[in-house]
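Per chain, numbering begins at 1; letters A, B, ... match sequence-line order. Owing to the predicted nature of the structure, the values given are computational and were not obtained by experimental measurement.
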Amino acid sequence: MAAHTAVMSMSKILNPFWGGRLGHTVKVRLVIMYEMLILQPPPAKYGGRHTVTLIPGDGIGPELLNHVREVFRFSCVPVDFEVVHVNSALESEDDINDAITAIRRNGVALKGNIETKHTMAPSVKSRNNLLRTSLDLYANVMHCQSLPGVQTRHKNIDIMIIRENTEGEYSSLEHESVTGVVESLKIITRNNSLRIADYAFRLAREKGRKRVTAVHKANIMKLGDGLFLQCCREVASDYPDITFDSMIVDNTTMQLVSNPQQFDVMVMPNLYGNVVSNVCAGLVGGPGLVPGANYGRDYAVFETATRNTGKSIAQRNIANPTAMLLASCMMLDHLKLYGYASMIRNAILTTMNETRLHTADIGGQGTTSDVVQSIMRIIQSKGPLISEL
Amino acid sequence: AKGDLWLFLFVSRVVGALKKEPPQPRTFMRGIQTVTLIPGDGIGPEISTAVMKIFEVAKAPIQWEERNVTAIQGPGGKWMIPPDAKESMDRNKIGLKGPLKTPIAAGHPSMNLLLRKTFDLYANVRPCVSIEGYKTPYTDVNLVTIRENTEGEYSGIEHVIVDGVVQSIKLITEQASQRIAEYAFEYAKNNQRASVTAVHKANIMRMSDGLFLRKCREAAEKHKDVKFNEMYLDTVCLNMVQDPTQFDVLLMPNLYGDILSDLCAGLIGGLGVTPSGNIGANGVAIFESVHGTAPDIAGKDMANPTALLLSAVMMLRHMGLHGHGQKIETACFDVIRDKKVLTKDLGGNSKCSEFTEAICERVRDLV
């Protein structure tokens with residue numbers, strides 16, 4: 001009902017009479033809202049069971065995703081996984097194109113990180129990047145929260161990081177016009193900046209957050225980051241209940257290591273997002289604890305926030321499964337299976353409180369399988385009877 | 001013509017050999033070395049005075065030549081630093097600089113940028129060592145960040161392609177990458193550092209960071225006694241906030257260097273206690289404090305001279321005067337560890353002059 005009236009009022013606004021009188025910004029935002037309400041592809045759900053694409057990736061990806069499947073099977077989660085393997089050693093892009101098609105079909109994916117061997121020719125682009133740009137997964141969202149059972153130097157951190165995921169420095173546009181001189185292009189567009197700023201503010205409002213900080217380097221990159229900052233300010237004017245401020249990226253990192261509690265929601269272009277999200281992940285306890293999500297208009301892909309391959313700890317049963325399992329809970333929330341999501345999440349957080357089950361990356365000596373067994377035991381004892389779900 | 005060619009080749013070889021002066025610590029046969037001092041703005045003059053006083057007490061063989069670097073417009077409308085400052089720097093080769101302010105809407109680029117262009121300061125070196133007595137959540141930090149300072153993402157080349165699409169160019173050249181890589185390994189050798197880590201993002205920026213990495217690898221081959229490894233920028237950030245003791249010397253292009261060097265400064269307590277040095281071509285080196293001019297406390301004797309003092313110590317070490325450098329540094333750290341006389345930003349409520357006097361006393365004991 002609300003969607004219908006919204007569409008009616010928006011079609012009046014997009015009427016040619018009014019069209020010319022609106023600013024470009026407003027038109028772009030209205031188109032985004034219109035599309036989101038109407039043009040949603042149908043979910044891959046049949047007989048009450050969802051189908052989700054699973055991309056194992058390299059390093060610790062395959063073993064962690066096996067644990068996810070184990071936990072899902074144990075908890076009778078109505079999700080079937082369509083596994084697509086991507087071989088990072090091959091030069092051809094057929095593998096990743098197959099994976100992209102599978103994600104287009106299913107709408108949702110859970111993936112491990114695919115390694116980029118930079119000993120190969122520069123024309124072989126990063127597979128992860130290709131996936132993100134083809135599916136237009138423009139927002140990378142990461143929620144860093146201090147977990148009570150984990151010892152860290154800083155306490156009470158609760159930061160949401162929203163990072164533009166498709167353009168910026170990761171445009172993969174490079175050329176060598178003269179031998180020995182390489183140029184790499186960083187692209188910032190108005191549309192994408194408005195889109196990500198809009199996403200950030202909407203998410204902040206939804207979650208009841210009070211402050212959004214834009215991270216930039218506009219004192220040096222005046223046009224590029226200046227445009228990004230300007231777009232953020234424009235969107236901020238539509239959300240008077242949320243405070244907006246900005247901070248230069250080097251100052252931000254300095255503040256993060258001395259006083260991270262001052263930050264609430266942060267929005268930024270691609271590269272700074274990489275740095276800041278890794279710093280924040282390190283502050284709350286490491287890469288094994290934080291899940292990340294990549295949202296596009298039609299698709300969502302879930303993975304660990306810091307996107308590590310973890311080759312050195314692969315196959316040794318010492319990787320921390322928390323990040324991948326929490327990412328799978330985020331996926332269940334996205335599929336609206338809230339009951340299962342909270343059940344698994346509570347089990348994970350309860351296990352996190354047991355210090356003797358901590359894996360090596362958070363200072364303990366437990367193994368991956370210990371942690372997973374403990375989670376399943378808690379689900380069995382505390383979860384509701386399966387027939388009630 | 002053939003004779004001319006041989007003469008030309010001979011002269012160019014000689015000139016090349018003369019130019020390639022390895023940046024070794026200088027040893028002086030005669031006594032006093034003159035150093036160009038640029039006090040700067042805001043709290044600059046007071047902290048410079050503090051440093052000069054401490055050096056006098058320490059009997060360091062340094063003679064100061066003060067210069068002002070307010071930008072002036074030269075012929076053709078091009079902004080430049082005053083010619084007497086440039087001449088002094090070219091003669092002395094070593095400089096110590098306080099914080100400079102760039103007035104907004106002055107029409108000229110930032111002062112730091114101007115100095116960088118004038119003297120081709122290609123390497124920014126920032127040693128980050130935890131200060132006992134100034135508590136931060138991170139202890140035992142002992143690393144050095146070496147950042148390429150001339151190109152990379154800060155080339156300043158930006159265009160508006162169409163309305164709403166902006167392109168910013170990141171430039172990586174073979175020459176600059178080679179220069180900085182060579183410098184990093186020389187620095188590691190001269191300062192007894194065990195390893196050099198190149199920080200990059202070559203999985204995404206294949207060609208540009210790939211070129212940078214190749215040059216680093218080539219330099220590593222020439223300096224086999226220093227360990228070399230490569231790490232992604234995100235992995236470095238992640239590990240830096242969890243365990244900074246695993247890093248030694250970090251070598252990186254401009255943007256990553258900017259972010260990481262400020263991150264490391266934050267680990268040890270901020271810009272108020274971090275020294276920094278800029279190395280240029282032709283043996284020029286300018287050491288500076290990287291904090292701002294703090295106009296709100298200027299002239300009130302409240303400033304903290306630690307950053308400029310530690311930069312001056314770095315300068316002494318660069319010149320080979322390790323003994324004096326060690327004495328002054330020990331005195332400074334002792335005073336901070338005692339916690340009896342500290343300036344406001346370090347958690348005490350003493351004046352700048354009292355803090356300076358405490359350090360001078362300590363130096364007198366050590367001399």
Side-chain angles (χ1 to χ4, degrees), chain A residues 24 115-118 121-126 129 153-154 169-170 172 174-176 179-191 217 219-227 249-251 253-258 271-272 274-283 285-287 306-308, chain B residues 110 136-138 153-175 177 200-213 232-243 254-256 258-267 269-271:
Chain A
H24 181 68
E115 190 194 351
T116 310
K117 293 186 165 62
H118 55 265
S123 52
V124 179
K125 302 213 182 341
S126 158
N129 206 19
R153 289 184 175 92
H154 307 268
E169 296 82 350
Y170 289 31
S172 303
E174 298 180 293
H175 49 265
E176 190 166 1
T179 340
V181 177
V182 176
E183 288 185 347
S184 173
L185 302 180
K186 162 179 165 162
I187 310 283
I188 303 269
T189 55
R190 194 178 173 72
N191 279 355
K217 191 92 189 149
N219 51 345
I220 305 282
M221 288 184 253
K222 297 188 169 67
L223 289 181
D225 286 351
L227 176 61
V249 61
D250 36 4
N251 192 17
T253 47
M254 234 187 310
Q255 297 293 326
L256 275 171
V257 291
S258 42
L271 185 68
Y272 313 144
N274 190 349
V275 172
V276 171
S277 57
N278 276 279
V279 170
C280 290
L283 290 174
T306 46
R307 305 172 179 165
N308 303 99
Chain B
S110 92
T136 57
Y138 299 90
E153 296 83 350
Y154 293 5
S155 46
I157 312 171
E158 294 184 292
H159 324 282
V160 179
I161 316 274
V162 286
D163 188 28
V165 178
V166 174
Q167 159 188 304
S168 175
I169 296 189
K170 162 178 165 163
L171 200 65
I172 300 274
T173 56
E174 199 173 318
Q175 198 187 8
S177 307
H200 65 96
K201 259 218 99 50
N203 51 347
I204 303 287
M205 289 183 252
R206 307 295 297 274
M207 286 173 79
S208 36
D209 282 353
L211 174 60
F212 180 78
L213 264 188
Y232 287 134
L233 173 66
D234 35 2
T235 316
V236 171
C237 288
L238 194 57
N239 292 342
M240 183 72 78
V241 291
Q242 293 183 280
D243 181 23
N254 216 334
L255 177 68
Y256 315 149
D258 194 4
I259 301 175
L260 270 182
S261 56
D262 278 357
L263 179 65
C264 298
L267 294 177
L271 296 178

Next on the checklist: Within the 4.5 Å heavy-atom criterion, are Asn203(B) and Ser126(A) side-chain neighbours or not?
Outcome noted: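 No, too far: nothing below the 4.5 Å cut-off.
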Checklist entry - Which atom pair, heavy atoms only, marks the closest approach of Gln242(B) to Arg153(A)? => result O-NH1, 2.9 Å
Item to check | His154(A) versus chain B, the contacting section by heavy-atom distance below 4.5 Å | outcome: side chain
Checklist entry - Where on Leu271(A) is there a heavy atom nearer than 4.5 Å to chain B: the side chain, the backbone, both, or neither? => result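 The answer is the side chain of Leu271(A).
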Checklist entry - In terms of heavy-atom pairs under 4.5 Å with chain A, which of Glu153(B), Met205(B), Gln175(B), His159(B) leads? => result Met205(B)
Next on the checklist: As an exercise: rank Leu171(B), Val160(B), Leu233(B), Asp163(B) by heavy-atom pairs under 4.5 Å with chain A and give me the winner.
Outcome noted: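 When all of Leu171(B), Val160(B), Leu233(B), Asp163(B) are compared, Leu171(B) has the most.
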Please classify the contact of [X] with chain A as side chain, backbone, both or neither, using a heavy-atom distance under 4.5 Å.
X: Ser208(B); result: both
X: Tyr138(B); result: both
X: Leu271(B); result: both
X: Ile161(B); result: neither
X: Leu211(B); result: side chain

Checklist entry - Short question: side chain of Arg190(A), backbone of Val166(B) - any donor-acceptor pair under 3.5 Å? => result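 No; zero donor-acceptor contacts below 3.5 Å.
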Next on the checklist: For Gly224(A), is there any backbone N or O sitting under 3.5 Å from a side-chain donor or acceptor partner on Glu158(B)?
Outcome noted: yes
Checklist entry - Using 4.0 Å as the upper bound for N to carboxylate O, is an ion pair formed by Arg307(A) and Asp234(B)? => result no
